[in-house]
2 protein chains.
Amino acid sequence: MKRPTIADVARRAGVSKGAVSYALNGQPGVSEATRRRILDIATEIGFSPSSAARALSGATANAVGLALCRPARTLGIEPFFMELISGVEAELSARSYALTLQVVADPDAEIEVYRRWWAERRVDGVLLCDLRTEDRRVPALEKLQLPAVVIGGPEHTGNLAHVWSDDAAPLVETVEYLVALGHRRIARVAGLPSLQHTRVRTEAFTQVCRRAGLTEAVTVWSDYTGEEGARATRRLLSSAGRPTAVIYDNDVMAIAGLSVAQEMGLAVPADLSLVAWDDSPLCRLVHPPLTALGRDIPAYGAHAARLLLAVIAGQPASGTQDETAHLTPRGSTAPPRSH
Amino acid sequence: MKRPTIADVARRAGVSKGAVSYALNGQPGVSEATRRRILDIATEIGFSPSSAARALSGATANAVGLALCRPARTLGIEPFFMELISGVEAELSARSYALTLQVVADPDAEIEVYRRWWAERRVDGVLLCDLRTEDRRVPALEKLQLPAVVIGGPEHTGNLAHVWSDDAAPLVETVEYLVALGHRRIARVAGLPSLQHTRVRTEAFTQVCRRAGLTEAVTVWSDYTGEEGARATRRLLSSAGRPTAVIYDNDVMAIAGLSVAQEMGLAVPADLSLVAWDDSPLCRLVHPPLTALGRDIPAYGAHAARLLLAVIAGQPASGTQDETAHLTPRGSTAPPRSH
DNA sequence: CTGAAAGCGCTTACAG
DNA sequence: CTGAAAGCGCTTACAG
């Protein structure tokens with residue numbers, strides 16, 4: 001099958017290629033009647049402008065890049081990324097933008113991908129995930145002047161546009177809720193310490209615990225995988241004066257923690273209360289269902305995509321705050337039995 | 001920052017643009033010394049050829065398309081797709097191919113995406129997932145003559161290349177294992193009946209149960225979500241002569257089933273054995289860990305990507321069989337208590 | 001082995 | 001409002 005070109009449309013419409021181009025792009029320069037006729041013919045013969053030719057003529061690539069810097073096994077298991085991608089995609093495809101995805105091994109490889117995308121003119125802009133505290137990717141993108149939106153922040157984003165969610169408030173809400181239930185020994189299994197949002201959460205946790213007069217607030221570090229989440233939980237539950245409540249930085253670790261509690265013969269929630277960050281269908285899948293901190297992740301992705309398209313269109317970089325996660329109490333939290 | 005072009009490289013090397021092109025693409029026509037010098041200069045000034053210009057000159061788009069036709073909420077929770085994407089990506093990026101992703105609402109929208117990608121020359125080929133029994137997408141792709149690899153089969157793939165895995169043998173292995181444990185009432189919670197691999201599994205299940213003399217082999221239909229998996233399990237466990245073992249078509253439904261069993265006061269595996277298809281880290285996350293049918297999904301994706309690149313390079317469409325899933329017994333299967 | 005030139009399919013000033 | 005033409009940055013026959 002031969003692909004139709006703009007010349008085919010022009011010939012059948014009896015106009016120049018330029019006129020077809022104007023008609024297709026909604027530019028002035030053709031009469032309304034002619035535009036209508038041209039569009040009808042284009043639809044009829046199944047014409048879509050070549051993205052390559054369009055990109056080459058100085059227009060945009062009509063594509064946006066997303067590099068994911070996580071090992072394959074954690075990428076698959078965390079619903080977060082797919083939900084984010086769904087939201088990004090919904091927004092992009094509504095505007096006929098393509099999403100180019102690449103999985104990278106580390107931040108330096110990611111910078112290399114950005115450089116190549118830029119040099120190849122393959123994308124008009126990129127979305128940056130998993131913001132770190134000293135993030136080399138931010139100055140690299142600024143230097144390339146490649147339009148970008150950081151999914152995270154609001155700090156350490158340089159001059160880049162960003163969409164962020166308050167990570168401190170939900171933790172405060174959760175600790176106060178647990179304290180109200182009567183818990184005094186609350187622990188937290190945190191995600192990767194190199195990530196900026198982990199730092200924000202850790203600081204918030206420390207502060208709210210101090211404010212509530214809890215002396216035994218302990219944070220242990222993990223990497224979002226079930227294995228590490230289980231190991232951290234085992235360590236916490238084996239210690240003298242074990243916690244009566246644990247807050248996890250993602251759903252996967254919380255489910256692993258629930259499993260460890262059951263394996264150690266502890267009843268949830270009577271002996272141990274559990275709270276998961278990243279509420280997802282996984283949290284409702286287990287027994288008891290997990291109390292969780294959640295928000296609309298596809299909407300977050302859509303929000304970021306919309307902002308990126310605005311930046312590509314030339315609007316100044318801005319930071320906008322997205323919805324704050326809220327606590328949904330379910331069966332995994334209750335007053336401690338000893339209380 | 002101005003992006004370097006082939007002309008910049010040519011100027012600094014003191015050769016023509018044509019020579020640079022030959023050097024970069026490993027074509028004959030330049031001496032080895034000149035090629036070396038040109039490549040060094042290209043690296044030095046950070047040159048990568050414009051993908052648009054390349055695509056326009058009749059070369060390839062250097063991109064491959066993947067359309068996902070599942071609602072956002074199931075996409076996120078099933079590790080399968082992200083693992084598949086990781087594998088596809090690893091293979092593609094090693095050859096400097098980009099992956100273009102699009103989430104679509106239904107098969108017709110998916111065909112429309114293919115048609116647009118083809119007309120825009122945006123991709124050189126596509127990967128097709130979730131093969132159906134009467135799949136309109138297959139003839140549509142054949143008509144477009146867009147290189148394609150079906151992830152599934154080996155039937156109903158038309159003339160398209162495909163990578164498939166035997167869906168019957170693992171089910172036979174599982175049923176025989178359960179029968180050997182002493183189970184006589186085995187049920188199956190199946191995935192979407194419109195998918196080809198569901199049909200293959202259902203037929204295999206019916207046959208092996210008949211062969212083993214099981215009269216009560218029952219299949220109930222679901223949609224891969226935890227909600228539906230839970231509902232199907234509740235129905236099965238409430239029936240007279242409830243099964244002593246249940247096989248699920250994915251990990252998410254199996255975990256939901258485990259939760260329902262616990263909620264109904266049934267001990268797993270003493271009162272009820274559970275087997276999950278799609279072994280993933282999720283299966284090891286719960287308590288007891290789930291006996292599961294698994295195989296290397298990233299490798300499956302890599303395999304499909306490699307085949308697609310071969311088809312794009314002009315090799316004839318072929319069907320190749322991938323690894324067969326194998327059973328990993330864990331804590332969720334045992335002889336039935338009543339036995 | 002190298003250079004000059006056409007052409008891929010668009011967009012966009014520039015004349016009419 | 002429309003047409004003819006240049007140009008985007010490559011690739012690839014075609015001469016030398």
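The sequence lines fix the lettering, A, B, ..., with proteins before strands; numbering per chain opens at 1.
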Of the options [options], whose atoms approach the side-chain atoms of [X] most closely?
X	options	result
B:V15	C:dG3, C:dC10, C:dT2	C:dG3
B:Y22	C:dC10, D:dA13, C:dT12	D:dA13
B:Q27	D:dT12, D:dC1, C:dC10	D:dT12
B:K17	C:dG9, D:dC10, C:dT12	D:dC10

Atom [atom1] of [X] and atom [atom2] of [N]: how far apart are they, to the nearest Å?
X	N	atom1	atom2	result
A:W118	D:dG9	CH2	P	12 Å
A:R3	C:dC10	CZ	C1'	15 Å
A:R122	D:dG9	CZ	C1'	15 Å
B:N25	D:dT12	CG	P	7 Å
B:R11	D:dC10	CZ	P	12 Å
B:F47	D:dT11	CZ	C1'	12 Å
A:I6	D:dG3	CD1	C1'	14 Å

Does [X] use its side chain to pair, donor to acceptor, with the backbone of [Y] at less than 3.5 Å?
X	Y	value
B:D135	B:L131	no
B:D8	B:T5	yes
B:H162	B:L160	yes
B:R37	B:A13	yes
B:S57	B:A53	yes

Base, sugar-phosphate, or nothing for [X], non-hydrogen atoms under 4.0 angstrom?
X	result
B:S50	sugar-phosphate
A:S16	base
B:S21	base

Legend entry - DNA chain D: 5'-proximal contact among B:L56 and B:A19 (nearest heavy atom): B:L56
Inset, instruction - Kindly compute the distance separating CD (A:Q102) from CD (A:E110), expressed to the nearest 0.5 Å. - result: 9.5 Å
Inset, instruction - Look at the side-chain N and O atoms of A:R121 and state whether any lies under 4.0 Å from the OP1 or OP2 oxygen of D:dG9. - result: yes
Inset, instruction - Return no unless some side-chain N or O of A:R54 is found under 4.0 Å from OP1 or OP2 of C:dT11. - result: yes
Inset, instruction - Mind running a 4.0 Å heavy-atom check of residues 33-44 of chain B against DNA chain C and sending the residues that fall below it, in number order? - result: B:T34
Legend entry - Residue whose nearest DNA chain C nucleotide is more 5′ - A:A52 or B:G18: B:G18
Inset, instruction - Give the intermediate values and the outcome of salt bridge (Lys or Arg N to Asp or Glu O under 4.0 Å) for residues B:E120 and A:R54. - result: CA-CA 9 Å; B:E120 293 182 348; A:R54 220 172 211 182; over 6 Å; no
Inset, instruction - Determine, for A:E91 against A:R306, whether the closest basic-nitrogen to carboxylate-oxygen distance falls under 4.0 angstrom. - result: yes
Legend entry - Heavy-atom pair with the smallest gap, counting every atom of B:T133 and B:H156: O-ND1, 2.9 Å
Legend entry - Dot-bracket line, read 5' to 3' along DNA chain D, where crossing pairs take [ ] and | marks a partner on another strand, Watson-Crick or G-U under 3.5 Å: |||.||||||||.|||
Inset, instruction - Determine, stepwise, if the pair B:R70 / B:E78 fulfils salt bridge (Lys or Arg N to Asp or Glu O under 4.0 Å). - result: CA-CA 11 Å; B:R70 291 276 184 101; B:E78 278 203 287; 2.7 Å; yes
